[in-house]
There are 2 protein chains.
Amino acid sequence: MKGIRRLAQHLDISIGTVSRALNGKPDVNEETRKRVLQAATDLGYVPNQSGRSLRQGTTNIIGFMMQTGTEITGQGDTFFMSVFDGVQAVFARHKLDLVALLCSSQEDPNDYLRRVVARGFADGLILSATQRDDPRIEFLAERNIPFVTLGRSLTDAGQPWLDLDFEGMAQAAIDRLVARGHRRIAITRPHDDTNLGYIFVDRCRRALAAHGLALEEDLIFRSTPNEAGGYQIARDLLALEEPPTAIVLINETIAIGFYQALSEAGVKPGRDIAVIGRYSPHAHFLSPPLTCFRLSLRDLGIALAETLLSAMPAFSDHYPDAPVNRVWPMELVEGESDSFLVPQR
Amino acid sequence: MKGIRRLAQHLDISIGTVSRALNGKPDVNEETRKRVLQAATDLGYVPNQSGRSLRQGTTNIIGFMMQTGTEITGQGDTFFMSVFDGVQAVFARHKLDLVALLCSSQEDPNDYLRRVVARGFADGLILSATQRDDPRIEFLAERNIPFVTLGRSLTDAGQPWLDLDFEGMAQAAIDRLVARGHRRIAITRPHDDTNLGYIFVDRCRRALAAHGLALEEDLIFRSTPNEAGGYQIARDLLALEEPPTAIVLINETIAIGFYQALSEAGVKPGRDIAVIGRYSPHAHFLSPPLTCFRLSLRDLGIALAETLLSAMPAFSDHYPDAPVNRVWPMELVEGESDSFLVPQR
DNA sequence: TTGCCGTCCGTAAACGTTTACGGAACTATG
DNA sequence: CATAGTTCCGTAAACGTTTACGGACGGCAA
């Protein structure tokens with residue numbers, strides 16, 4: 001005899017009463033409820049997840065889909081950990097559990113979604129590493145599975161999404177550098193075709209154009225989003241006939257490699273070239289400190305959770321005005337890496 | 001009508017046959033099997049996870065329990081992503097899916113384990129952030145849930161574990177530094193009471209003793225396992241009346257902050273002080289490159305998976321000689337941060 | 001007393017699968 | 001033709017819960 005039956009047998013009451021007692025339903029004597037709860041801890045009873053969710057049609061689990069293997073996401077080393085923390089702060093209020101659905105780098109994310117998620121594994125989903133064209137979005141929308149994406153996509157099924165404000169960052173960075181006299185400004189973009197690359201490059205181009213400047217193709221650097229990628233960018237940049245006087249780094253960890261390659265060439269950020277990047281815990285500990293754009297990842301996680309819940313009928317009442325589509329602003333943290341002023345001729 | 005019934009109705013055959021056809025059971029005509037599979041994709045049928053696992057008593061899911069929030073484990077996203085990659089390489093062969101069970105930093109890991117895992121959520125578990133005394137181990141052992149821990153614990157229920165060879169690292173690092181003439185050698189340990197701190201400190205002490213040297217208490221530095229922690233260590237170290245001539249860093253990211261604080265004081269690793277640390281993707285990109293201990297995290301992940309599977313009756317046949325308890329060796333990567341030789345008086 | 005209401009509890013169905021069992025139809029063998 | 005064996009399929013039970021429904025019981029008012 002196992003499960004709730006064992007508990008019922010042990011107390012000599014029916015399983016219905018046991019279930020009601022455990023779940024805080026009203027139709028049960030407080031005295032018996034106490035006995036049930038006591039027996040549950042005594043016998044170490046824990047309700048079976050499959051049985052419960054089969055009956056209820058709900059799992060109380062939210063999945064955060066992400067890809068494993070390194071060199072994929074280009075987020076800093078603690079990026080996801082911080083976001084998770086915020087997401088969970090919200091979910092905890094509703095007894096929802098967050099699990100990370102780890103899609104192997106060997107498997108197509110679309111296959112993975114069909115295989116794992118569509119089986120009713122989770123009540124809702126958060127999608128990361130959103131692609132420019134992302135079939136996952138259509139798939140989930142068709143099946144009415146609540147979800148929110150971290151990152152915009154061209155695929156539009158009316159889904160909620162949140163994203164970092166790369167446009168604001170592009171605009172502010174370009175304006176700032178131009179104001180300091182820079183005319184030849186390089187930018188970076190991810191090595192793959194994530195949407196953010198297009199967004200960022202496009203906005204940089206327009207921001208430059210507003211100042212009467214052109215974004216030159218050979219000043220757009222692609223790289224893997226890690227230290228080695230940043231190192232390579234700096235090498236390529238320094239090898240140019242006429243190197244740029246400033247650069248905006250779109251990824252977080254590439255700054256470390258970028259700094260190193262410069263250092264080896266005797267070039268110093270802030271003195272010989274202006275560098276603006278993205279915040280990461282190491283940004284303050286570079287020499288000189290990196291001028292960068294920062295946001296609260298925990299707050300972003302909170303917003304993600306609230307947006308998702310507002311798309312779930314069971315919870316939407318609690319979040320009437322959660323954002324549906326929103327770019328998340330980043331604030332400029334002044335370092336010294338961009339204090340280089342272009343000498344006026 | 002939903003699920004397998006719908007499929008059966010659509011094909012005008014029984015649900016039993018549909019199930020057998022989908023699961024590759026022998027007692028089914030090849031012709032009907034084809035029709036079933038075709039109809040399944042046509043109708044977008046995906047078997048329900050709860051129903052299946054309720055009946056089978058198995059979920060085909062393996063959980064990797066970890067804690068969210070930063071500044072906890074000292075391991076970042078890239079650490080786990082690399083390990084996951086290896087784990088999944090093995091699991092894929094057995095149609096097992098890996099999910100990360102994210103325990104909020106707000107919640108006690110033991111409560112979390114009871115709440116989520118004990119409900120039959122996963123067929124097996126990998127525990128990280130193992131504590132020196134870890135009730136989770138007893139809990140799982142009592143319930144006969146297969147698991148393996150990443151990290152040793154004093155709690156011994158005969159469970160399998162894998163761990164990094166911190167003892168080998170301690171021994172090699174100390175020997176190396178002593179051979180280079182160092183007598184005052186500092187070491188670091190995590191801020192909390194994870195077992196690795198005890199193991200590492202203890203072995204360093206014994207390694208020093210073998211050379212007739214003592215490990216002085218004020219040369220053992222505790223810190224949070226991030227850049228800020230490393231920064232603080234360097235500041236404290238330089239403030240000593242008689243600073244050490246060498247240091248061994250046990251965490252990965254603390255090297256960045258450590259370097260920075262030294263740099264601000266005009267102290268250069270490799271020239272004024274010898275530094276040995278742990279490998280991380282940024283280790284090569286520090287100036288000078290960090291001499292550090294490295295291991296293949298992907299291989300570690302593979303070993304973790306194999307060890308877990310060998311503890312699961314359904315799979316143990318495939319892995320007769322997977323390691324049960326094993327420390328995973330690290331190799332020394334020579335940089336220039338420890339090339340400082342103590343001048344002989 | 002009768003009737004009604006409220007409290008508490010037991011019964012049984014339902015969720016979506018898998019699988020043991022048995023049987024129908026057909027083939028092969030004597 | 002009778003029998004045995006093979007191939008394929010349908011039936012129904014089972015997994016562990018939750019919950020709608022109804023009933024037993026006691027208290028209270030009329």
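A note on names: the letters A, B, ... follow the listed sequences, proteins ahead of strands, and every chain is numbered from 1. Quick caveat, the model's predicted, so the values are computed rather than measured.
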Practice task
Give B:Gly3 one of three labels, base, sugar-phosphate or nothing, depending on what nucleic acid heavy atoms sit under 4.0 Å from its own.
Solution key: sugar-phosphate
Exercise for the section: Give one of base, sugar-phosphate or nothing for A:Ser53, where a contact means two heavy atoms less than 4.0 Å apart. Expected result: nothing
Problem - First-last contacting nucleotides on DNA chain C - partner chain B, under 4.0 angstrom, heavy atom - result: C:dG16 to C:dA20
Fill in the blank from the handout: By nearest-nucleotide position on DNA chain D, the 5'-leaning member of B:Gly51 and B:Thr17 is B:Thr17
Exercise for the section: Name the nucleic acid region contacted by A:Ser50, choosing base, sugar-phosphate or nothing; use a 4.0 angstrom heavy-atom cut-off, strictly under. Expected result: nothing
Practice task
Select base, sugar-phosphate, or nothing to describe what A:Asp27 touches, counting heavy atoms under 4.0 Å on all strands.
Solution key: base
Problem - Salt-bridge criterion met for A:Arg136 and A:Asp134 (N-O under 4.0 Å) - result: yes
Exercise for the section: Please answer whether the main-chain N or O of A:Asp133 pairs with a side-chain N or O of A:Thr155 as donor and acceptor at a distance below 3.5 Å. Expected result: no
Handout entry: Smallest separation among heavy atoms of B:Val87 and B:Gly301, with atom names
Key = CG2-O, 3.3 Å
Handout entry: Cationic N near anionic O, under 4.0 Å, A:Glu30 to A:Arg33
Key = yes
Problem - Nucleotide D:dT7, atom P - distance to CZ of B:Arg20 in whole Å - result: 15 Å
Exercise for the section: May I ask you to check whether B:Tyr319 and B:His94 place their ring centers less than 6.0 Å from one another? Expected result: yes
Handout entry: Polar side-chain atom of A:Gln106 near backbone of A:Ser104 as donor-acceptor pair, under 3.5 Å
Key = no
Problem - Nearest-nucleotide comparison on DNA chain D, the residue closer to the 5′ end among B:Val28 and B:Arg5 - result: B:Val28
